[in-house]
Every structure is written in C-alpha cells, then in structure tokens.
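As structure tokens, the structure follows; a few thoughts come after it.
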Protein chains: 2
Amino acid sequence: MLACVRSSGLKLTPQRLAIVRELAADPTHPTAQELFERLRPALPTMSFATVYNTLDALASAGLCVALSLSPGASRFDPNMDAHHHAVCDRCGLVRDVPCEPSELLAERSDEIVPGPLTAAPGFEVRAVERIYRGLCAACAKGRQDESAHAAARHAGRSEENNRLRPAGARRARRPEHG
Amino acid sequence: MLACVRSSGLKLTPQRLAIVRELAADPTHPTAQELFERLRPALPTMSFATVYNTLDALASAGLCVALSLSPGASRFDPNMDAHHHAVCDRCGLVRDVPCEPSELLAERSDEIVPGPLTAAPGFEVRAVERIYRGLCAACAKGRQDESAHAAARHAGRSEENNRLRPAGARRARRPEHG
DNA sequence: CTTGCAACTGATAAACTTTCTAAGTATCAC
DNA sequence: GTGATACTTAGAAAGTTTATCAGTTGCAAG
C-alpha cells in the first residue's frame with residue numbers, strides 16, 4: 001500500500017506513513033479521531049487536520065474509502081476489494097464481510113449491478129452494497145451482562161455504558177431500519 | 001400516522017403536526033435542515049431544535065428512522081415497511097427501493113436474516129439492508145450537461161454545481177465503495 | 001550534494017450537525 | 001376550566017469536517 005501512495009503522486013511523509021500503517025493494520029475501520037489518538041504517542045506534534053488531509057488524499061487516490069454507515073464520525077476502510085459491512089447498532093463498529101462466491105462471479109468484480117431501478121426511474125446504479133445491522137460480539141455480550149445485572153440489582157444504572165455514540169449524542173437512538 | 005403519534009403517548013402540537021405531514025408527504029427523505037426551511041413560512045417562530053426533538057421523538061416511537069447513509073446530515077424516513085435505499089453519490093438524495101417478492105416471503109416481513117457471519121464471529125445480525133449507490137436522475141443529467149458544456153467551452157467552470165455536499169465540504173469526495 | 005518548487009504540515013478559525021439547558025408555554029387528562 | 005407534565009424557544013455548546021495561511025519538507029533535477 002505504501003508503494004501505491006508514492007505511485008499515486010503523493011509524497012511519503014512520516015505522518016502519512018504512520019497513518020497508512022495504522023489504518024492498514026486495523027480491521028475495525030477507525031475514525032479520524034481514533035487514528036489521531038493512537039498515533040499521538042509516536043507523533044506528538046501531528047495536527048488533527050493532517051489526519052483528515054491524509055485520509056482525504058488516500059481516498060482521492062482510490063487507496064481507501066470513507067464510510068458513513070452510522071451517525072457520528074466517518075470510518076475509513078483500507079480494503080478496496082469487493083465486500084460488504086457489518087455495522088454495530090450500539091457502538092458503530094464496522095467489520096468487513098466478504099462477498100459470496102456467486103457475487104464474485106459477476107461481470108464486475110465489484111458488486112452485482114442490476115438493471116435500472118423501477119422504483120427510482122433515471123437512477124444510474126454504480127454498485128450495490130449490503131449492510132448487516134446488529135450487535136457486535138462485545139456489545140451483544142455487554143447487553144447480556146447488563147440485563148443480568150439489572151435483574152440482580154433492581155434498577156441501579158451501575159454499568160458505565162461503553163457506547164461510542166455520536167459526539168454530542170446522549171440520548172438513545174433507535175437503530176436504523178427498525 | 002398522526003393517530004400513531006397520539007397513541008405513542010406524544011402530544012400533538014402544531015409543530016409536530018406540520019413536521020409529520022411534511023415528512024410523510026416527501027419521498028426524498030429530507031434532512032432536518034430541509035424540513036425546517038420548508039416549514040419556516042408556515043411556522044416562522046419554530047425553533048430548529050424542535051425539528052430535531054420531534055424527529056427524535058418520532059424515531060423513538062418507531063414512527064420514522066434516521067438514516068446515515070452518506071456524509072453530512074441525517075435523513076429521515078417515514079416508511080417503516082421493509083425496503084432498501086438508492087443513494088445518490090453526488091447530492092446525497094435517498095429514494096426507497098421496495099423489497100423483491102422473494103424477500104417478502106421470508107420469515108420476518110423485514111429482511112432476510114441469514115445465519116451467523118463467519119467473517120464476524122459473535123456478531124448478532126438483526127437485519128440486512130441493501131444500498132444502491134449511483135447517480136440520481138437529476139445528477140446524472142446534470143453531469144451529462146456539464147461534460148457537454150465543458151467540451152464546448154474549454155475549461156470554464158461555468159455551471160454552478162448543485163451538489164448538496166456535507167456542510168463545510170467543498171472538496172470532491174470519492175463515492176463509497178469505489 | 002545542493003537547490004528550488006511544489007506539496008505538505010501545523011495551528012487555528014470557521015462551517016455545519018446535533019444535543020443540551022433553562023425558562024416560558026401549551027396540551028391533555030380529569 | 002385547571003393543573004401536571006410535556007413541549008417549545010432561543011441560545012450555548014460539543015463534535016465533526018473543511019478552509020486558510022505561514023512555515024517546513026520531500027523529492028526531482030542539476
């Protein structure tokens with residue numbers, strides 16, 4: 001991937017090197033904020049804007065994609081092969097889900113692109129993606145524990161909730177496509 | 001839908017009435033900002049926060065859903081039946097795409113929920129949704145015109161671009177799942 | 001190895017989206 | 001009608017993302 005950075009006409013700075021390495025090594029599709037915080041020990045002077053600039057440059061070069069699949073900050077995906085996503089309703093975590101073999105046999109190695117949508121006349125379909133909504137392993141386990149504790153103690157809000165809710169978001173939010 | 005508002009224990013205020021009516025009548029899944037601006041003539045004193053409060057109340061009552069399918073503001077969907085979405089890469093517009101008959105035959109009237117994901121062990125799938133990415137009719141036509149004009153005049157950036165990009169976003173953004 | 005330019009970084013401001021707070025107001029059950 | 005409660009308004013505030021600009025640095029050419 002680093003070679004692609006150079007061949008895309010992008011200069012290979014220490015900041016970009018660190019960001020690309022961290023992004024490529026992380027299957028959880030981190031946000032810009034997460035990348036920034038993880039790299040802060042190694043690059044204490046790096047600006048937050050540099051993280052965004054770099055991710056934008058990578059995306060423009062076709063080396064990663066910005067995902068907006070749940071409220072809150074965008075997540076960045078270095079996997080440019082055809083794949084789908086599993087999105088946690090609770091913490092927003094995103095994991096890749098490979099295409100099924102039948103999909104990979106399609107003409108485009110990307111996704112199966114069907115004919116025009118009768119529901120949306122004139123809409124030009126470029127790609128079709130699938131989103132699996134639900135609870136990631138950690139949140140599913142967390143909820144079990146929570147309800148178990150809630151049964152033991154009557155109503156004590158004891159567990160600190162580790163939901164990674166969008167920034168200012170404090171209220172509960174109904175999951176999409178309920 | 002208005003009856004549902006009352007039966008959900010929500011008070012039926014003029015603001016809510018207007019918001020519900022506007023939302024239910026609009027198939028394009030407007031943002032909070034768009035609803036606010038459209039209702040401003042009828043309700044000049046309505047606060048922007050009221051739009052958010054109302055949409056949040058509706059979502060919590062299960063009467064609409066907040067969609068985060070592209071960067072920028074959330075869009076609100078009053079259609080609670082099982083369906084998918086077509087999302088415009090350029091302007092962010094969202095249109096509903098009904099499920100196919102085969103999907104509606106599934107056990108849940110919602111979506112076909114497959115077995116556990118081998119790619120994400122422990123992930124509890126609640127629903128599967130499909131996103132058709134591409135260009136809406138208006139943007140597809142707009143791009144044709146743009147390239148036609150660009151060919152005529154050599155490089156004049158004459159057409160004002162009507163992209164509804166996320167807030168501060170000025171730069172071009174690579175569509176997801178490129 | 002030096003040099004120069006273009007691209008990049010860092011810092012900050014700013015725009016936008018969303019939520020919170022506090023005080024006043026209106027809805028609805030009785 | 002009347003009161004409790006939920007709602008609205010307005011403004012502040014927090015989080016995300018982009019713009020601006022001066023200073024620095026990567027890197028290609030010499």
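Chain letters run A, B, ... following the sequence lines, proteins first, then strands; residues in each count from 1. The structure presented is a predicted model; accordingly, all values stated were derived computationally and were not measured.
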Exercise. Would you indicate, yes or no, if dT8(D) has its OP1 or OP2 atom less than 4.0 angstrom from a side-chain nitrogen or oxygen of Thr45(B)?
Key: no

Quiz item: Contact class for Ala32(B) (heavy atom, under 4.0 Å): base, sugar-phosphate, or nothing?
Solution: nothing

Quiz item: Closer than 4.0 Å, any side-chain N/O of Thr13(A) to the OP1 or OP2 of dT9(C)?
Solution: yes

Practice problem: May I ask you to verify if any side-chain N or O of Thr50(A) is less than 4.0 angstrom from the OP1 or OP2 atom of dG10(C)? | Solution: yes

Quiz item: What are the two closest heavy atoms between Pro98(A) and Ala119(B), and how far apart are they?
Solution: CD-CB, 3.3 Å

Quiz item: Which listed nucleotide (dT9(D), dT17(C), dT9(C)) is nearest to the side chain of Tyr52(B)?
Solution: dT17(C)

Exercise. Could you state the atom-to-atom distance from CG of Leu17(B) to C1' of dC7(D) in whole Å?
Key: 15 Å

Quiz item: Can you tell me how far C1' of dC8(C) sits from CZ of Arg6(A), to the nearest Å?
Solution: 13 Å

Exercise. Starting at atom CG of Leu10(A), determine the distance to atom P of dA6(C), rounded to an integer number of angstrom.
Key: 17 Å

Quiz item: Looking at Cys64(B) and Phe76(B), what are the two nearest heavy atoms and their distance?
Solution: SG-CD2, 4.4 Å

Practice problem: Grab the CZ-C1' distance between Arg16(B) and dC28(C) for me, whole Å please. | Solution: 13 Å

Practice problem: Nearest 0.5 Å please: distance from the CG atom of Asp56(A) over to the OG1 atom of Thr50(A). | Solution: 12.5 Å

Quiz prompt | Separation of dA13(D) P from Phe48(B) CZ (nearest whole Å) | solution = 19 Å

Practice problem: Round to a whole Å and report the spacing from CG of Asn53(A) to C1' of dT16(D). | Solution: 14 Å

Exercise. Identify whether any heavy atom of Thr31(A) sits under 4.0 Å from a base atom; if not, whether one sits that close to sugar-phosphate; answer base, sugar-phosphate or nothing.
Key: nothing

Exercise. Could you tell me the separation between the CG atom of Leu55(A) and the C1' atom of dT16(D), rounded to a whole number of Å?
Key: 13 Å

Quiz prompt | Options dC28(C), dG26(D), dT8(D), nucleotide nearest the side-chain atoms of Lys11(A) | solution = dG26(D)

Self-check item: ILVMFWY network linking Val97(B) to Leu135(B), side-chain heavy atoms under 4.5 angstrom
Solution: no

Quiz item: What is the minimum heavy-atom distance between His84(B) and Cys99(B), and which atoms define it?
Solution: NE2-SG, 3.7 Å

Practice problem: Look at Gln15(A) and dG10(C) and indicate whether a side-chain polar atom (N or O) is within less than 4.0 Å of OP1 or OP2. | Solution: yes

Quiz item: Please give, in whole Å, the distance from dG11(D) P to Met46(B) CE?
Solution: 16 Å

Practice problem: Look at Gln33(B) and dT17(C) and indicate whether a side-chain polar atom (N or O) is within less than 4.0 Å of OP1 or OP2. | Solution: yes

